[in-house]
Number of protein chains: 2
Amino acid sequence: MTPDTPADASARRPALTRGRIVRAAIALIEREGADALSMRRVASELDVAVMSLYNHVPNKDALLEGVAEHVVSGMELQDDPSAPWQARARALVRAFRTVAHEYPRCMTVVLTRKFHTTVGLRPAERALALAEAAGFDGVTAVRIMRALMAYALGAQMREIGFGKWLHHLDTSPAADFARLDAGEFPHVIALGPVLARHDPEADFEFGLDLLIGALEALPRAADV
Amino acid sequence: MTPDTPADASARRPALTRGRIVRAAIALIEREGADALSMRRVASELDVAVMSLYNHVPNKDALLEGVAEHVVSGMELQDDPSAPWQARARALVRAFRTVAHEYPRCMTVVLTRKFHTTVGLRPAERALALAEAAGFDGVTAVRIMRALMAYALGAQMREIGFGKWLHHLDTSPAADFARLDAGEFPHVIALGPVLARHDPEADFEFGLDLLIGALEALPRAADV
DNA sequence: ACCTGAACACCGTTCAAGT
DNA sequence: ACCTGAACACCGTTCAAGT
């Protein structure tokens with residue numbers, strides 16, 4: 001045994017890379033939430049001085065960008081171009097949902113960052129491809145892509161808790177519904193039991209069905 | 001003149017209240033962005049010691065919650081129950097959009113907070129009321145409300161820049177489109193000019209039309 | 001009841017020094 | 001080329017002291 005040789009040391013603590021830093025950040029966020037992420041915490045997680053990180057990442061913002069891009073690049077975008085475009089559209093939107101379930105606490109970061117690489121273009125390309133296959137013209141294809149993205153993002157926010165405007169009802173339904181002004185919120189009160197029931201999967205599919213169904217009803221270039 | 005009497009001093013610097021603190025925070029966010037908001041900045045804006053804020057607001061999180069609630073309470077929710085439910089639904093979703101345009105930089109805060117007051121229930125009540133008027137059963141009404149909320153939130157994120165995954169294309173389209181791999185992004189490249197054109201209003205209305213149209217096609221209890 | 005300054009335990013990042 | 005410690009200018013919040 002030759003302890004403490006450089007080879008040994010690097011085996012115990014592999015070379016610092018951007019990838020290792022990003023993965024440590026992701027692990028930290030999933031474990032303690034996005035608020036717990038700090039350059040200092042990541043550094044100590046990697047057993048390294050804070051400033052060492054700056055040799056591989058220009059600043060914290062860039063690190064968060066790296067986190068967002070890593071997560072999105074994990075989207076499973078296998079596609080069967082011969083399948084009906086409706087099925088392809090469903091699979092695409094669900095792929096975003098799947099990755100969101102894989103990195104639930106990182107989603108706040110993903111939904112909040114702009115991308116500076118092409119990683120965000122992969123889902124866009126898919127959406128445009130299937131819209132074209134469905135027979136829509138270019139302008140419509142772009143609008144379809146944007147509508148699908150809007151729904152995917154918004155539905156995810158609702159599930160995470162973003163935009164969860166009924167939060168105090170979700171947590172202690174019975175007690176809170178009773179306290180509501182019956183004159184102001186008659187429907188909320190009447191539907192209290194339904195609102196308290198949670199089936200995010202069904203909610204998500206309901207909205208997705210609405211959108212896909214609406215696209216089927218849309219006039220297409222192929223019809224002309 | 002009797003300078004420096006208590007009355008005079010309080011005239012120059014009105015009593016510190018939660019409302020004044022929240023409004024100062026909103027003004028600061030709209031002026032410099034949500035990242036610039038700190039307890040210390042708000043305090044100095046109000047010409048007051050940092051710790052004075054804590055007499056009216058328990059902590060920074062509560063302050064941000066106050067910001068979100070103030071913005072949402074500004075939603076103009078006038079409603080004509082005798083109007084067609086389609087028009088009422090459109091008006092409701094647009095009301096969110098309007099307030100988002102009024103406080104663009106505060107939206108990052110609104111979209112990111114949970115509410116602990118009933119302010120978020122007002123739009124929910126409206127959505128449920130119009131879904132019932134349209135003849136949908138309770139479970140469907142709740143799902144419609146959630147789908148509309150998801151779209152409103154997601155569409156707004158796209159416009160703000162959240163989830164703007166094509167950001168580097170938006171800023172310098174020509175240069176960047178040329179650099180894309182033609183094999184990987186054929187449709188993105190072909191539709192480059194369309195993608196570069198921005199008409200958020202039209203994009204928003206397109207998706208909203210899809211959803212409302214899909215709701216019209218849905219079977220209703222009234223049909224039975 | 002409200003205000004405040006000092007202090008504590010944190011931040012991100014610059015810089016100069018090391019190898 | 002990569003790592004590092006000290007330092008700077010910030011944070012949010014606790015506490016004890018004032019009125």
Side-chain angles (χ1 to χ4, degrees), chain A residues 4-29 31-68 105 108-109 112-114, chain B residues 4-29 31-68 105 108-109 112-114:
Chain A
D4 264 335
T5 67
D8 228 21
S10 74
R12 266 192 276 106
R13 211 205 287 179
L16 201 53
T17 62
R18 192 189 132 99
R20 251 164 52 79
I21 294 171
V22 168
R23 283 193 302 275
I26 290 175
L28 179 59
I29 292 172
R31 203 168 350 104
E32 306 192 25
D35 283 347
L37 184 95
S38 74
M39 299 300 277
R40 289 169 135 104
R41 286 294 309 272
V42 173
S44 87
E45 214 79 41
L46 292 169
D47 232 339
V48 125
V50 206
M51 290 318 298
S52 304
L53 302 180
Y54 287 82
N55 290 309
H56 304 90
V57 163
N59 50 43
K60 189 186 182 181
D61 236 56
L63 173 54
L64 287 172
E65 203 178 295
V67 167
R105 309 188 80 168
T108 77
V109 177
T112 296
R113 296 285 133 185
K114 297 174 184 173
Chain B
D4 264 336
T5 66
D8 228 22
S10 74
R12 265 192 277 107
R13 213 205 287 179
L16 201 53
T17 62
R18 194 188 131 96
R20 249 163 55 78
I21 293 171
V22 168
R23 284 194 300 275
I26 290 176
L28 179 59
I29 291 173
R31 202 168 352 103
E32 306 191 26
D35 284 346
L37 185 95
S38 74
M39 298 301 277
R40 289 169 135 103
R41 286 293 309 272
V42 172
S44 88
E45 215 79 41
L46 292 168
D47 232 338
V48 125
V50 204
M51 291 318 298
S52 303
L53 302 180
Y54 286 82
N55 290 309
H56 304 90
V57 163
N59 51 42
K60 189 186 181 180
D61 236 55
L63 174 53
L64 287 172
E65 202 178 294
V67 167
R105 309 189 80 167
T108 76
V109 177
T112 296
R113 297 286 133 186
K114 298 174 182 170

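In the text below, chain A, chain B and the rest are named by the order of the sequence lines, each starting its count at 1.
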J.: Can you tell me which nucleotide in C:dG5, D:dC11, C:dT13 comes closest to the side chain of A:Tyr54?
T.: C:dT13
J.: Round to a whole Å and report the spacing from CD1 of B:Ile21 to P of D:dG12.
T.: 13 Å
J.: Paired with C:dC11 by Watson-Crick or G-U wobble geometry, both distances under 3.5 Å: which nucleotide is it?
T.: none
J.: Mind calculating the distance between CZ (A:Arg41) and P (C:dG12) to the nearest angstrom?
T.: 11 Å
J.: Pick the closest DNA chain C nucleotide for B:Arg40 and for B:Ala49 by heavy atoms, then say which residue is nearer the 5' end.
T.: B:Ala49
J.: Measure from NZ on B:Lys60 to P on D:dC10 and round the result to the nearest Å.
T.: 15 Å
J.: Does the structure show a Watson-Crick or G-U wobble partner for D:dG18, both distances under 3.5 Å? Name it, or say none.
T.: C:dC2
J.: Main chain of A:Leu16, side chain of A:His56: is a donor-acceptor contact present, judged purely on distance under 3.5 Å?
T.: yes
J.: How close or far is atom P of C:dC11 from atom CD of A:Glu32, stated in whole angstroms?
T.: 11 Å
J.: Tell me the interatomic distance from A:Asp47, atom CG, to D:dC3, atom P, rounded to whole angstroms.
T.: 13 Å
J.: Between B:Ser38 and D:dC11, is there a side-chain N or O to OP1/OP2 distance below 4.0 Å?
T.: yes
J.: I need the CG-C1' distance between B:Leu53 and C:dC2, as an integer number of Å.
T.: 13 Å
J.: Tell me if a side-chain donor or acceptor on A:Arg20 pairs with a main-chain N or O of A:Ala15 at a distance below 3.5 Å.
T.: yes
J.: Kindly compute the distance separating CZ (A:Arg41) from CG (A:Leu28), expressed to the nearest 0.5 Å.
T.: 5.0 Å
J.: Atom CG of B:Asp35 to atom C1' of C:dG12: distance rounded to whole Å?
T.: 12 Å
J.: Of A:Leu16 and B:Asn59, whose nearest nucleotide on DNA chain D comes first from the 5' end?
T.: A:Leu16
J.: Rounded to whole Å, please give me the gap between CE in B:Met51 and C1' in D:dA16.
T.: 12 Å
J.: Any side-chain N or O of A:His56 less than 4.0 Å from the OP1 or OP2 oxygen of D:dA1?
T.: no
J.: State, with a plain yes or no, whether a side-chain heavy atom of A:Leu53 is found less than 4.5 Å away from one of A:Leu46.
T.: yes
J.: Taking the side chain as everything from C-beta on, heavy atoms only, tell me whether A:Asn59 gets closer than 4.5 Å to A:Met39.
T.: no
J.: Return the nearest nucleotide to the side chain of B:Asn55; candidates are C:dC2, D:dC15, C:dT13.
T.: C:dC2
